[in-house]
Amino acid sequence: MTPSVSPAVGTGVPAARTATPPAATGQPAPVPATPTRISAARSALRRRLEGTPGRLRVLALLTAGACLVFGLAAGQAFNATDGALARAEANTAQLVRIQALHTNLVKADANATNAFLVGGIEPASTRADYDSAIGQASRLVAEAARAQPADGRALSALNSQLVTYTGLVEQARANNRQGLPLGAQYLRNASAGLRTDALPIVDALVTANQLRVRAELDNAAGASAWMLFGLLSLVVLVVGMVWLARRTHRYLNLPMVAATAAVLLTFIVGALVLGGVRGQVADVRDGPYAATLAVARGRIAGFDAKSNESLTLIARGSGAAFEKAWTASSAVVQAQARQAAAHSSHATGLADAWSRYVKTHQAVRAADDGGRWDAAVALATGSGASSSNATFDAFDATSSRTLAAVGRDTADGLSAPRPFLPFAGVVGLLVGLLGALACWWGVSKRLEEYR
């Protein structure tokens, strides 16, 4: 027998180590890997959705979710309509404000040119009318900038043009008081600059605000599309009740029936209300709002015509271009007066008021063309009942009253439905929430039978 040899201590050869069983060390044996939390959750969810109880849980989720979707959609429909009407009303007010600014600019020019015909120191009343129109224009620029920040840059540019215009008018006056012919040129430059530099800015602002109003009116009319989610919710609820009846052999589940009836009733009432609002928006768009635009355009064209009447006389025989411009502006007034009358009964007297001024203008032109320039100027600048100023002032007063009336009708039409719309939105949300709770409760009652 060969004896076993142990390595000597200190020889550098390690002694063989014998593996120690885990039990000998007192440590627990390794445990096999367990499923992750996500896997466990999936398994638990899968078990909860198995069989009829699982399908009942899915049904509860679907029907409750359908009710919640309906509530959110109904609330959004009413709130979106209210917001669109509020913005449309604000943009309409801004549009009227810009058109009033436009009117005051051409009104100031008409007063300036009319006063220039007198020569020397202009009549105090005409100068006061000019100062009032310029002051109103400046105030409206500031108000419009505060009301609609998006118009701020254009209004700043317009204000600069207004300063330039008033400076040229003052130079024209100074020369006219001294009897210098240079004053007429300054006045022509002022009027030309107003039309080529300032008024195009106002036209762009009018167009921008018209687009804003149109977009918001479309939004108000289209917000009712949110109610279409009600049809989807009703389909889910009806299908759910039919499935539940077949599965449980009980034809009525009272909580689900109540939820479906509440959703159906809210859907019908909401659709009718929003349909009425949509019809009212269409009436406003085609009625007082259209009349407001037409009257404002007519007033602007009217003051432009009055200004060109004076410029024709200032030109002393070489004002054919100004008379041509007068004719074009007069045609605009007549067309807008007819359009305004077609959309609002308030505008029926506008065309007659303009016709009376047209007859006076024709008398002015007859005198001037007949070589009686002084008589033409007297008729254009006088204050008698048959003078151009008197008949035009009558048109100014009539169109101003008409514009105020149709503007009020527009504002009233847009604001009338708004008070109850937020309340209706809250009711829609509550119906959706309560319907969801009722569906969950109704299905849970059937689910308890399987426990």
Side-chain angles (χ1 to χ4, degrees), residues 88-111 129 132-133 136-137 139-140 143-144 199 202-203 205-207 209-210 213-214 217 280-309 326 328-361 385 387-416:
E89 187 177 356
N91 289 325
T92 300
Q94 177 74 345
L95 176 59
V96 172
R97 195 177 291 115
I98 295 296
Q99 289 174 322
L101 169 60
H102 195 162
T103 301
N104 277 283
L105 290 175
V106 291
K107 182 177 183 179
D109 193 58
N111 283 310
D129 289 341
S132 175
Q136 288 287 335
R139 180 181 60 80
L140 288 169
E143 287 183 2
L199 296 187
V202 182
D203 290 335
L205 288 169
V206 168
T207 300
N209 283 281
Q210 282 180 329
V213 172
R214 187 181 306 167
L217 291 178
Q280 188 165 357
V281 167
D283 291 341
V284 171
R285 187 202 300 262
D286 298 333
Y289 175 68
T292 299
L293 296 181
V295 175
R297 294 187 191 115
R299 277 176 58 79
I300 292 167
F303 280 105
D304 188 64
K306 189 66 171 71
S307 178
N308 280 300
E309 178 183 83
W326 184 95
S329 296
S330 179
V332 171
V333 176
Q334 292 168 345
Q336 295 302 320
R338 289 192 298 269
Q339 185 173 349
H343 293 291
S344 174
S345 59
H346 294 298
T348 53
L350 202 57
D352 291 339
W354 181 254
S355 296
R356 287 190 289 271
Y357 164 70
V358 169
K359 291 179 181 178
T360 306
H361 174 77
S387 67
S388 177
N389 284 344
T391 53
F392 186 83
D393 287 346
F395 166 77
D396 179 18
T398 300
S399 60
S400 179
R401 289 193 301 269
T402 302
L403 183 60
V406 294
R408 283 194 304 270
D409 288 348
T410 301
D412 292 344
L414 293 176
S415 63

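Starting from 1, each residue takes its place in the sequence as its number.
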Considering all heavy atoms of both residues, which atom of [X] and which atom of [Y] are nearest to each other, and what is their separation?
X    : Y    : result
V333 : G298 : CG2-O, 3.4 Å
D409 : P288 : CB-CB, 3.6 Å
A296 : T103 : O-OG1, 4.5 Å
A88  : V213 : O-CG2, 4.2 Å
D109 : S307 : OD2-OG, 2.6 Å
A301 : V332 : CB-CG1, 3.6 Å

Show your working on side chain to side chain donor-acceptor pair (under 3.5 Å) between D286 and H343 and close with a plain yes or no.
CA-CA 7 Å; D286 298 333; H343 293 291; over 6 Å; no
Gap separating the [atom1] atom of [X] from the [atom2] atom of [Y], nearest 0.5 angstrom:
X    : Y    : atom1 : atom2 : value
R139 : R97  : CZ    : CZ    : 9.0 Å
T207 : I98  : OG1   : CD1   : 11.0 Å
L101 : E143 : CG    : CD    : 10.5 Å
Q99  : L403 : CD    : CG    : 7.5 Å
K107 : S132 : NZ    : OG    : 6.0 Å
L414 : L217 : CG    : CG    : 6.0 Å

Please name all residues satisfying side chain to side chain contact (heavy atoms under 4.5 Å, CB included) with A394, sequence neighbours left out, ordered by chain then number.
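Not a single residue meets the side chain to side chain contact (heavy atoms under 4.5 Å, CB included) criterion with A394.
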Might you confirm whether atom CZ of R214 has over 12 heavy atoms from other residues, nucleotides or ligands at distances under 6.0 Å?
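12 or below, so no.
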Flag the pair D304 / I300 as yes when at least one side-chain heavy-atom distance between them is below 4.5 Å, and no otherwise.
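Heavy-atom side-chain distance check fails, nothing below 4.5 Å.
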Is a side-chain donor-acceptor pair under 3.5 Å present for T410 with T92?
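No - no donor-acceptor pair under 3.5 Å links their side chains.
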Taking it one step at a time, do S399 and W354 satisfy side-chain contact (heavy atoms from CB on, under 4.5 Å)?
CA-CA 9 Å; S399 60; W354 181 254; over 6 Å; no
Partners passing ring pair (Phe, Tyr, Trp, His ring centres under 6.0 Å) against F303 (at least two apart in sequence or in another chain):
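Scan of F303 (ring pair (Phe, Tyr, Trp, His ring centres under 6.0 Å), adjacent residues dropped) gives F392.
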Verify side-chain contact (heavy atoms from CB on, under 4.5 Å) between Y289 and L95, making sure each step is shown before the conclusion.
CA-CA 11 Å; Y289 175 68; L95 176 59; 3.5 Å; yes
Verdict with supporting geometry, V206 and R297, side-chain contact (heavy atoms from CB on, under 4.5 Å)
CA-CA 10 Å; V206 168; R297 294 187 191 115; over 6 Å; no
Using a 3.5 Å distance criterion without hydrogens, assess whether the side chain of [X] forms a donor-acceptor pair with backbone atoms of [Y].
X    : Y    : answer
S344 : A340 : no
Q280 : G413 : yes
Q94  : N209 : no
T360 : S388 : no
S329 : G302 : no

Would you sort out whether R299 and H102 count as a side-chain contact (heavy atoms from CB on, under 4.5 Å), showing the intermediate values?
CA-CA 9 Å; R299 277 176 58 79; H102 195 162; over 6 Å; no
Only one of V358, D352, L350 forms a side-chain contact (heavy atoms from CB on, under 4.5 Å) with F395, so which one is it?
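Only match with F395 under side-chain contact (heavy atoms from CB on, under 4.5 Å): L350.
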Among D393, N389, D396, the one residue meeting side chain to side chain donor-acceptor pair (under 3.5 Å) with K306
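The single option meeting the side chain to side chain donor-acceptor pair (under 3.5 Å) with K306 is N389.
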